[in-house]
Asker: 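I have a structure I would like to understand better, so I am pasting it below and will then ask my questions one at a time.
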Protein chains: 2
Amino acid sequence: MGNIYDVRTYEPSHSIGYLMTRVKVEMLAALDRELAADPHLSALGVTSAQFIVLVRLVGTSNRKSATDLCKELSYDAGAMTRMIDRLEKKGLVRRMRCMQDRRLIYLEATDEGRAAYPRMLEMSVAVQNRFLRGLEQEDARRLKDYLTRMLNNAG
Amino acid sequence: MGNIYDVRTYEPSHSIGYLMTRVKVEMLAALDRELAADPHLSALGVTSAQFIVLVRLVGTSNRKSATDLCKELSYDAGAMTRMIDRLEKKGLVRRMRCMQDRRLIYLEATDEGRAAYPRMLEMSVAVQNRFLRGLEQEDARRLKDYLTRMLNNAG
DNA sequence: GTACAATGTCGGCCTAGGCAGATATATACA
DNA sequence: TGTATATATCTGCCTAGGCCGACATTGTAC
């Protein structure tokens, strides 16, 4: 009842799942190209994946641990450790052991990381606007609504 | 003119790009869980990424090369070589050198690969229907339209 | 025919994520 | 107190994709 797809008529190459994967790949690839083309950011060698993590650290005032980021981004803990390693090596992020709870390590964007933030945000907005070209605000609202509902169906 | 996002009000964590990435991750993770839970398919150790490639080989009658698949799926050639290696090692795919053009290698699903196909398709449909629960056919049509238009904006 | 460009595959090297197990720390409880 | 459990991070091993260069093969220009 109410199923969108039926096995007998389902065509993988036209499915919403397939399209969504393609769009996601193309959007991140476009963002990577923008990042690589920017004079300042290309020197840092920041990738779209690193960008997404960095945004979470700069765009908030309260301190965050690796676990916090993992929860926000549905990220694997092991992957996050290595991601922080790369960001730290590039001087964009600092690790600071918490003295109250010594299991915890708070993460903080460095001045350099914070300085790169505005330009990164511009790029993110530009890329998304380009992909959403031709859509009205009402369309974007609906699309966001669909995606949110799908995400709720995941759990 | 007509831009959806503005840098001054943009919130990364509520953006369509962020949501789409999340939904994609959750959908593939759900598919991986289904694949791992199935008695027959778990023995093959097929992942969602391998599934997507396999679908393209089984779901068509004409012969395909690695390059053909790369074009269809916007896939990297080097990555495809290694993907085929894994599928071949699992006995799901065969490589066959073309005699007319000896640069070409045609790919073919084995009987085992073909046998696994129907069950895989069922899972794909089931997972997508679950994520689309609560959406009407008209909603799905709109969503697909939005994604298609975004994909066209990529090029 | 030879030189050059184009094509298809492959292999390293990088980033990247998932999973399982190890370690250190903190907390709850008998 | 001692013990079990939970939490946070880290490490090793796997799959996985992007980029670049190597290599063989084919097609094209001269």
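Order of the sequence lines fixes the chain letters, A, B, ..., with proteins taken first and strands second; residue numbering starts at 1 for each chain.
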Asker: What is the nucleic acid contact for A/Met83, judged by heavy atoms within less than 4.0 Å: base, sugar-phosphate only, or nothing?
Answerer: sugar-phosphate
Asker: Measure the distance from NZ on A/Lys89 to C1' on C/dC14 and round it to the nearest whole Å.
Answerer: 10 Å
Asker: Going by an N to O cut-off under 4.0 Å, is there a salt bridge joining B/Arg63 and B/Glu108?
Answerer: no
Asker: So which heavy atom on B/Tyr5 is nearest to which on A/Leu132, and how close?
Answerer: CE1-CD1, 3.7 Å
Asker: Which of residues 31-44 of chain A have a heavy atom under 4.0 Å from DNA chain C?
Answerer: none
Asker: Can you tell which of C/dT9, C/dT15, D/dT9 lies closest to the side chain of A/Gln50?
Answerer: C/dT15
Asker: Please report the distance, rounded to the nearest Å, between CG in A/Leu104 and C1' in C/dT23.
Answerer: 16 Å
Asker: Is the distance from OP1 or OP2 of C/dA16 to the nearest side-chain N or O of A/Arg86 less than 4.0 Å?
Answerer: yes
Asker: Within the structure provided, determine whether A/Arg114 and A/Leu92 are in side-chain contact (heavy-atom separation under 4.5 Å).
Answerer: no
Asker: Give the rounded distance in Å between these two atoms: CE of A/Met80 and P of D/dT7.
Answerer: 18 Å
Asker: Report the residue (B/Thr47 or B/Arg103) whose heavy-atom-nearest nucleotide on DNA chain D is the more 5′ of the two.
Answerer: B/Thr47
Asker: Would you mind telling me which residue lines up with the more 5' stretch of DNA chain C, A/Ser48 or A/Gly78, judged by nearest nucleotide?
Answerer: A/Ser48
Asker: Compare side-chain N and O positions of B/Thr67 against OP1 and OP2 of C/dT7 and report whether any pair is under 4.0 Å apart.
Answerer: no
Asker: With a 6.0 Å cut-off (strictly less than), is the heavy-atom count around CD of A/Glu72, excluding the residue itself, greater than 12?
Answerer: yes
Asker: If only side-chain N and O atoms of B/Gln100 are considered, is one of them under 4.0 Å from the OP1 or OP2 phosphate oxygen of D/dT25?
Answerer: no
Asker: How about B/Thr9 and B/Asp6: does a side-chain donor come under 3.5 Å of a side-chain acceptor?
Answerer: no
Asker: Between A/Met80 and A/Thr67, is there a side-chain heavy-atom distance shorter than 4.5 Å?
Answerer: no
Asker: Do A/Glu88 and A/Arg95 meet the salt-bridge criterion of a basic N to acidic O distance under 4.0 Å?
Answerer: yes
Asker: What is the separation between atom OH on B/Tyr106 and atom C1' on D/dT25, rounded to the nearest whole Å?
Answerer: 14 Å
Asker: In whole Å, what is the span from the CD1 atom of B/Ile84 to the P atom of C/dC10?
Answerer: 8 Å
Asker: Separation of B/Arg102 atom CZ from D/dT26 atom P, in whole Å?
Answerer: 7 Å
Asker: Students often get this wrong, so: under 4.0 angstrom with heavy atoms, is A/Thr81 touching a base, only sugar-phosphate, or nothing?
Answerer: base
Asker: On DNA chain D, check which nucleotide each of B/Ala79 and A/Ala66 is closest to and give me the residue with the more 5' one.
Answerer: A/Ala66
Asker: Find out whether B/Arg86 and B/Gln50 are in side-chain contact, i.e. whether some heavy atom of one side chain is under 4.5 Å from a heavy atom of the other.
Answerer: yes
Asker: Within this structure, what is the CG-to-P distance between B/Asp76 and C/dC10, rounded to whole angstrom?
Answerer: 13 Å
Asker: Give one of base, sugar-phosphate or nothing for A/Asp101, where a contact means two heavy atoms less than 4.0 Å apart.
Answerer: sugar-phosphate
Asker: Between the base of C/dG8 and the side chain of B/Arg95, is there a donor-acceptor distance below 3.5 Å?
Answerer: no
Asker: Distance check needed: C/dC10 P versus B/Arg97 CZ, whole Å only.
Answerer: 7 Å
Asker: Would you kindly compare A/Met99 and A/Arg82 by the position of their nearest DNA chain C nucleotide and give the one closer to the 5′ end?
Answerer: A/Arg82
